[in-house]
Amino acid sequence: MTEVCTTPAVLILLGPPGAGKGTQARMLEETLGLIQLSTGDLLRAAVAQGTPAGMAAKSVMEAGGLVSDDIVLQILRDRMDQPDTRRGVILDGFPRTAGQAAALDHLLADTGQGVSLAISMEVDDEAMVARVSGRHTCAECGEGYHDTFKRPANGACDKCGGTEFKRRSDDNADTARQRLAAYHAQTAPLIAHYAQAGVLARLDAMQDIAAVSRDLARMVQPIV
Ligand code: AMP
């Protein structure tokens, strides 16, 4: 069979903590076959493994600040080098600074690519603090839950039946406020960068998960 060569989609989900980037990226990964690439997940894995990058990132992450561009770009490049990303990627939580956005543009230009679509998931600050503060995930399969908005139906994970749940150490109200401040200072300006590049779409992420997912699927359809 002849392999058809198409340019892989590069989709960016921009938005503050709690906007639903991870939840929606996981759903898009399942439905569209793109690869979710979360720099937050990659950094947490580096922290858990105790790598030099992880050790340097740990205290910054716990304080709700942004890890240095050098560290983030290194782990991103390593992940982008893996063959599965050739199917196209959903960047979740990257880029977060002007330096990261410029580095991404260069990295993609090297292979004749560009950002296909950047979706700004727009939400209300105080609602974000509430969303982030109560969230937790199934330790077995990673399905996301929330103390108020999405509890497992019978105490066990709705998806896999697991009974262990975990919470991120930075998912508390104080750190969430720091993370929001970092978003407004350093990441929100990227919305203008992608608007200027002609690849920006805006999404009302205050809607429920199903409605956000429906809107997102409609926006992403033309690029996959
Ligand atoms: P997240 O899982 O996307 O909420 O990220 C958790 C934490 O990891 C953030 O609060 C930052 O400390 C760090 N982090 C994740 N992605 C980046 C990035 N692209 N640039 C800098 N720091 C990041």
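Atoms within a ligand are numbered from 1 in the order they appear, just like the ligands themselves.
Scanning for ring-ring contact (aromatic ring centres under 6.0 Å, His included) contacts around His184 gives an empty result, with sequence neighbours left out. When the ring-ring contact (aromatic ring centres under 6.0 Å, His included) test is applied to Tyr145, the partners found at least two apart in sequence or on another chain are Phe165.
Ion pairing of Arg26 with Glu30 is absent here, as no side-chain N (NZ or NE/NH1/NH2) approaches a carboxylate O to less than 4.0 Å. Salt bridge present: Asp171 and Arg179 bring a charged side-chain N and a carboxylate O closer than 4.0 Å.
Rounded to the nearest 0.5 Å, atoms CZ (Arg79) and CZ (Phe94) are 14.0 Å apart.
Through direct or indirect side-chain contacts shorter than 4.5 Å among Ile, Leu, Val, Met, Phe, Trp and Tyr, Val224 is connected to Leu11, Leu13, Leu28, Leu32, Leu34, Ile90, Leu117, Ile119, Met121, Leu203, Val212, Leu216, Met219, Val220, Ile223.
Residue-level contacts of ligand 1 at the 4.0 Å heavy-atom threshold are Thr39, Gly40, Leu43, Arg44, Met61, Gly65, Leu66, Val67, Val72, Gly93, Phe94, Arg96, Gln100, Arg168, Asp170, Arg179.
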